[in-house]
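Please read the structure below before turning to the comments.
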Amino acid sequence: MGKKRPLNAVELTEIFFNIERNYFSVLLCMGWLQVLKDKEIKNYIKDGIEISEKQINFFNELFKKRRTSWHGSC
């Protein structure tokens with residue numbers, strides 16, 4: 001939309017905690033998969049794991065891109 005700007009502390013904190021929440025979600029869902037018997041529910045849980053992993057990867061890539069831009073501006 002325009003010139004990229006550095007992320008502020010609040011934005012960085014929220015991204016970091018979003019990654020942590022998604023990691024916790026993946027772990028919790030993996031635990032549920034081990035005890036669930038219903039295949040339909042297992043499929044929903046597997047979909048949730050995939051969504052969480054996509055978000056984790058997206059935010060990690062965002063950090064990697066921003067990190068290289070931070071180093072380049074010093």
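Remember, predicted model here, so these are calculated numbers, not experimental data.
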Looking at residues at least two apart in the chain, or sitting in another chain, which of them share a side-chain contact (heavy atoms from CB on, under 4.5 Å) with Glu20? Phe16, Phe17
For Phe24, which residues count as a side-chain contact (heavy atoms from CB on, under 4.5 Å) partner, sequence neighbours excluded?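 So Phe24 forms a side-chain contact (heavy atoms from CB on, under 4.5 Å) with Leu28.
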Is it true that a side-chain atom of Glu11 and a backbone atom of Asn8 form a donor plus acceptor pair closer than 3.5 Å?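 Confirmed, Glu11 side chain pairs with Asn8 backbone.
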Side-chain touch Leu62/Phe59, heavy atoms, less than 4.5 angstrom: yes
Reported CD1-to-CZ distance for the pair Ile19 and Phe63, which is rounded to 0.5 angstrom: 5.0 Å
Do any side-chain atoms of residues 44-55 form donor-acceptor pairs under 3.5 angstrom with protein atoms, and if so which ones, sequence neighbours left out?
{"unit_1": "Ser52", "atom_1": "OG", "unit_2": "Asn22", "atom_2": "OD1", "d": "3.3"}
{"unit_1": "Ser52", "atom_1": "OG", "unit_2": "Ser25", "atom_2": "OG", "d": "3.3"}
{"unit_1": "Ser52", "atom_1": "OG", "unit_2": "Gly48", "atom_2": "O", "d": "3.3"}
{"unit_1": "Gln55", "atom_1": "OE1", "unit_2": "Asn22", "atom_2": "ND2", "d": "3.0"}

Taking distance alone, no hydrogens or angles, what donor-acceptor pairs closer than 3.5 Å link side-chain atoms of residues 29-41 to residues at least two apart or in another chain?
{"unit_1": "Asp38", "atom_1": "OD1", "unit_2": "Glu40", "atom_2": "N", "d": "2.8"}
{"unit_1": "Asp38", "atom_1": "OD1", "unit_2": "Ile41", "atom_2": "N", "d": "3.3"}

For residues 23-35, the salt bridge (charged side-chain N to carboxylate O under 4.0 Å, His left out) pairs (sequence neighbours left out) are none
